[in-house]
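Below you'll find the structure, written out as structure tokens, and then a few comments.
By convention here, the first residue in the shown sequence is residue 1.
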Amino acid sequence: MNIFGIFSTRRAGAVFGLGLALCALAPQAAFAAGESNATSSTISENFNGIGISATATLPTGFKMTAAGAGSLATWTNTANLTATTIAQSNGTGATGGRINWGATGGTDRAIGFMTSGSYAGPNTILVGFTNNTGSTITQIVGSASFERYRTNSTAWTNAISFSTDGRTWGASLYSNVLAASAASGYGYPMTSNVATFTVASQSIAVGGTFYLRIFMGSSGSNSQGLGLDELSLTLQFQASTPDIALADNGTQVASGTVATGTTSHLLHTFKLTVSTATATLTDVAVPAWGTFASADITNLKLWQNSSAAFGTSTNIGTPLTSIGTAGVKTFSSLARSLPAGDHFFYVTADIASGGTAGNTIAIGALTNSTALTFSSGNKSGGPTAAGGLQTIITAPAVTTVAASATNTTTATVNGNVTADGSSTVTERGVCYKTSSSVTITDNRTAASSNGTGTYSVNLSSLSVNQIYYFRAYATNSVGTTLSDTELNFTTRANTPSAPTVANPTSSSLDITVNENGNPGTTEFAIQRTSDSQYLQADGSWGASAIWATKSTWGTKTATGLAASTLYSFQVKARNSVNVETGFGSTGSGPTAAASGIWINPMSA
């Protein structure tokens, strides 16, 4: 014989089935209330645990009526019995009684009756149950095997009835007549008939009882021998209603800042504690408030975890990608199964890279009555605390401003922090180098002040007559911004030293420029002090300055000079953007006397 049923637990002589306890004893080991939301379970008994003794003890919760008392059987009748009187092997023997049927020495057993002149009929087997499943039983679907171990000339009637009190029995759920046989015969068993039945439209509450009466009607000495085996009951339950409590998940999210481009920034957290039965979460509606615009938030997300830690959470539902402005935002069609226990949830936002600095977002307090929707359930707890206001911050905005002063090796350059990105500017300054495309790592030099507005940076140790490119920068908690605008300045040239005057003739002098540390690109102009005339490229003199590098001038012979005259010359320089220096100190020298005539030279 097979053990019928699912989730059944077997012990010798006992029926176990997910909390359904047989009435005769205290409740058997089974699931406790609230540990499952199963809508059905099956229990069964095959009697193999009673052994082969003639006086075998019946499984817990089973009784057999006294001889001939089957027609008026009740559960509480004190004459009922809980043991067999005979063990029949292979159906042999003619003595009537309460029979432990089975093969000789075999463990495959059944219980039943055979009547005789000394053991009257009809007879009944009773079985009673207490509902300790934690759920209301609404229907019972059963089956049992009636096994014939002896044939004889008296017919046999089988019937099954149901009662909730063990006294008042309903109409037969199953009835069958085993026809008489002309001759007596024995077998193990000879035939087997499976009875099926249904007890519908019940409402057996937790702690309630129900009973089965299995009638075996035969009498006299020509009785057939019948056994009950493989009793199986499938119980249908009324689905339990879960209890759901809302609470904060520890400390609520505090006010803070969030940089543009940040993903999964935490806005709110809450906990749901489920008991009694599994709950199904269908919708979560969160009140979003603040000054945010739709373009500030690219995703609003809901997450779930089995522990109070966001890091390992699972994103549930569909992220909200176009949340608009402040108002209630709903995560719908979640269908999240929440078994008994604690469940932790988190609401996050992805901040657009182009989000507006200073705009804010927060998730307000959640109430169980309006924020959470379940397929069914008793809601309690809450409201949660509101999540703290989150302010969107960006890197600062900064522009480059033209240099305001330059010298030979120093310069004053400028910038302007036009916006701090809603985060304090902790550093501002300039970066510079001698070629274009300045980066943040090029001679980064901080100003002496922070914050927004215009500022200046004094640069030193620069090269003479050198072009420099520069950009302003600013730093806050989000990051550093390097201005898109690149400007440049050129340092001044050094004032030249006195020129060298040599090789006099009566009408000429050689003049050599002394650059005084200026680079080779520096241009110079040479002036005669007596009349402010400028040396021309051909050595003559004119009113307009002629500019040339030292290498171009070389040693220039100045002509058109008077004999025996002392001349003084001075030089000025200009840089690559034509900013001129003043004249340097003078260099002097006399021309020679005319041939054969000596004249005391005079200054010219």
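- Thr591 places a side-chain N or O within 3.5 Å of a backbone atom of Ala562 that can act as its donor or acceptor partner.
- Listed here is the closest heavy atom pair of Val398 and Ala472: CG2-CB, 3.8 Å.
- The aromatic ring centres of Phe569 and Trp541 sit less than 6.0 Å apart.
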Would you please test Asn494 and Asn516 for side chain to side chain donor-acceptor pair (under 3.5 Å) and show each step? CA-CA 7 Å; Asn494 286 329; Asn516 190 26; 5.3 Å; no
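- With Tyr455 contributing its side chain and Gly429 its backbone, the two residues share a donor-acceptor pair below 3.5 Å.
- Looking at Thr400 and Ser483, their side chains do bring a donor and an acceptor atom within 3.5 Å of each other.
- Side-chain contact between Ile393 and Val258 is absent, with no heavy-atom pair separated by less than 4.5 Å.
- Put simply, the side chain of Thr356 never gets that close to the backbone of Asn359: no donor and acceptor are under 3.5 Å apart.
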Test side chain to side chain contact (heavy atoms under 4.5 Å, CB included) applied to Asn416 and Arg428, step by step: CA-CA 9 Å; Asn416 183 15; Arg428 57 186 184 175; over 6 Å; no
Side chain to side chain contact (heavy atoms under 4.5 Å, CB included) between Phe374 and Asp283, intermediate numbers included: CA-CA 7 Å; Phe374 301 88; Asp283 300 284; over 6 Å; no
Please report the C-alpha distance between Thr586 and Ser568 in whole Å, then the side-chain angles of each, then the deciding distance to 0.1 Å, and finally whether the side chain to side chain donor-acceptor pair (under 3.5 Å) criterion is met. CA-CA 6 Å; Thr586 59; Ser568 295; 4.8 Å; no
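- A donor-acceptor pair is defined here as one N or O able to donate and one able to accept, closer than 3.5 Å; such a pair exists between the side chain of Thr138 and the backbone of Gln236.
- Partner of Phe489 under the ring pair (Phe, Tyr, Trp, His ring centres under 6.0 Å) criterion, chosen from Tyr432, Tyr468, Tyr469: Tyr468.
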Steps toward side chain to side chain donor-acceptor pair (under 3.5 Å) verdict (Thr273, Asp342): CA-CA 4 Å; Thr273 299; Asp342 290 335; 2.6 Å; yes
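- Side-chain atoms of Asn514 never come within 3.5 Å of backbone atoms of Pro496 as a donor-acceptor pair (strictly under, hydrogens ignored).
- Using a distance-only test at 3.5 Å, with no hydrogens or angles considered, a donor-acceptor pair links the side chain of Thr360 to the main chain of Thr291.
- Each of Asn407, Asn458, Thr406 was checked for a side chain to side chain donor-acceptor pair (under 3.5 Å) with Thr412, and the lone residue meeting it is Asn458.
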Take Trp303 and Phe310 through the ring-ring contact (aromatic ring centres under 6.0 Å, His included) test and state the conclusion after the steps. CA-CA 8 Å; Trp303 306 74; Phe310 174 63; 5.3 Å; yes
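- At least one donor-acceptor pair under 3.5 Å links the side chain of Asp531 to the backbone N or O of Gln533.
- The number of heavy-atom neighbours closer than 6.0 Å to CG of Asp538, taken from other residues, nucleotides and ligands shown, is above 12.
- With respect to the salt-bridge test (charged N to carboxylate O, under 4.0 angstrom), the residues Lys271 and Asp248 do not qualify.
- Residues Val284 and Leu372 are in side-chain contact: their nearest non-hydrogen atoms beyond the backbone lie under 4.5 Å apart.
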Starting from the C-alpha separation in whole Å, work towards a yes-or-no answer on side chain to side chain donor-acceptor pair (under 3.5 Å) for Ser423 and Ser477. CA-CA 6 Å; Ser423 177; Ser477 61; 2.6 Å; yes
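- Checking Thr321, Ile351, Asn315 one by one against Asn299, the side-chain contact (heavy atoms from CB on, under 4.5 Å) holds for a single residue, Thr321.
- For the residue pair Thr241 and Asn378, no side-chain donor N or O sits within less than 3.5 Å of a side-chain acceptor on the partner.
- The existence of a salt bridge linking Glu523 and Lys572 is excluded, since no basic side-chain nitrogen approaches an acidic carboxylate oxygen closer than 4.0 Å.
- Between Phe270 and the options Tyr346, Phe345, Phe344, a ring pair (Phe, Tyr, Trp, His ring centres under 6.0 Å) holds for only Phe345.
- Between the side chains of Ser551 and Thr549, at least one donor-acceptor pair of N or O atoms lies under 3.5 Å.
- Side-chain atoms of Thr555 and Asp510 form no donor-acceptor pair, as typed in the model, at a separation below 3.5 Å.
- Distance alone, capped at 3.5 Å, is enough to place a donor-acceptor pair between the Asn575 side chain and the Val577 backbone.
- No side-chain N or O of Thr263 forms a donor-acceptor pair with one of Asp350 less than 3.5 Å apart.
- Shortest non-hydrogen contact noted between Pro242 and Val274 is CB-CG1, 4.3 Å.
- Using modelled atom types, one finds a donor on one side chain and an acceptor on the other under 3.5 Å when comparing Thr441 with Thr439.
- No hydrogens or angles considered: a donor-acceptor pair under 3.5 Å links the side chains of Thr276 and Asp243.
- Donor-acceptor pairing under 3.5 Å is recorded for the side chains of Ser456 and Asn414.
- Neither side chain, His343 nor Ser306, offers a donor N or O lying under 3.5 Å from an acceptor on the other.
- You'll find the side chain of Thr490 stays beyond 4.5 Å of the side chain of Val579, heavy atoms only.
- Counting only distance, with no hydrogens or angles, the side chain of Lys550 and the backbone of Val513 share a donor-acceptor pair below 3.5 Å.
- For the 3.5 Å distance criterion, the side chains of Asn249 and Thr269 qualify, holding a donor opposite an acceptor.
- Inter-residue side-chain proximity for Leu235 and Thr42 is flagged as unmet; no heavy-atom pair is nearer than 4.5 Å.
- Counting non-hydrogen atoms of neighbouring residues, nucleotides and ligands closer than 6.0 angstrom, the CZ atom of Arg471 exceeds 12 such neighbours.
- By the 4.5 Å heavy-atom criterion applied to side chains, Leu272 and Leu246 are counted as neighbours.
- Listed for the Thr410 side chain is no donor-acceptor partner under 3.5 Å among the backbone atoms of Ser460.
- Taking CG of Leu389 as the reference point, atom CG of Leu267 lies at 10.0 Å (rounded to 0.5 Å).
- For the pair Arg528 and Tyr534, the cation does not sit on the ring face, since its NZ or CZ is not both under 6.0 Å from the ring centre and inside 45° of the axis.
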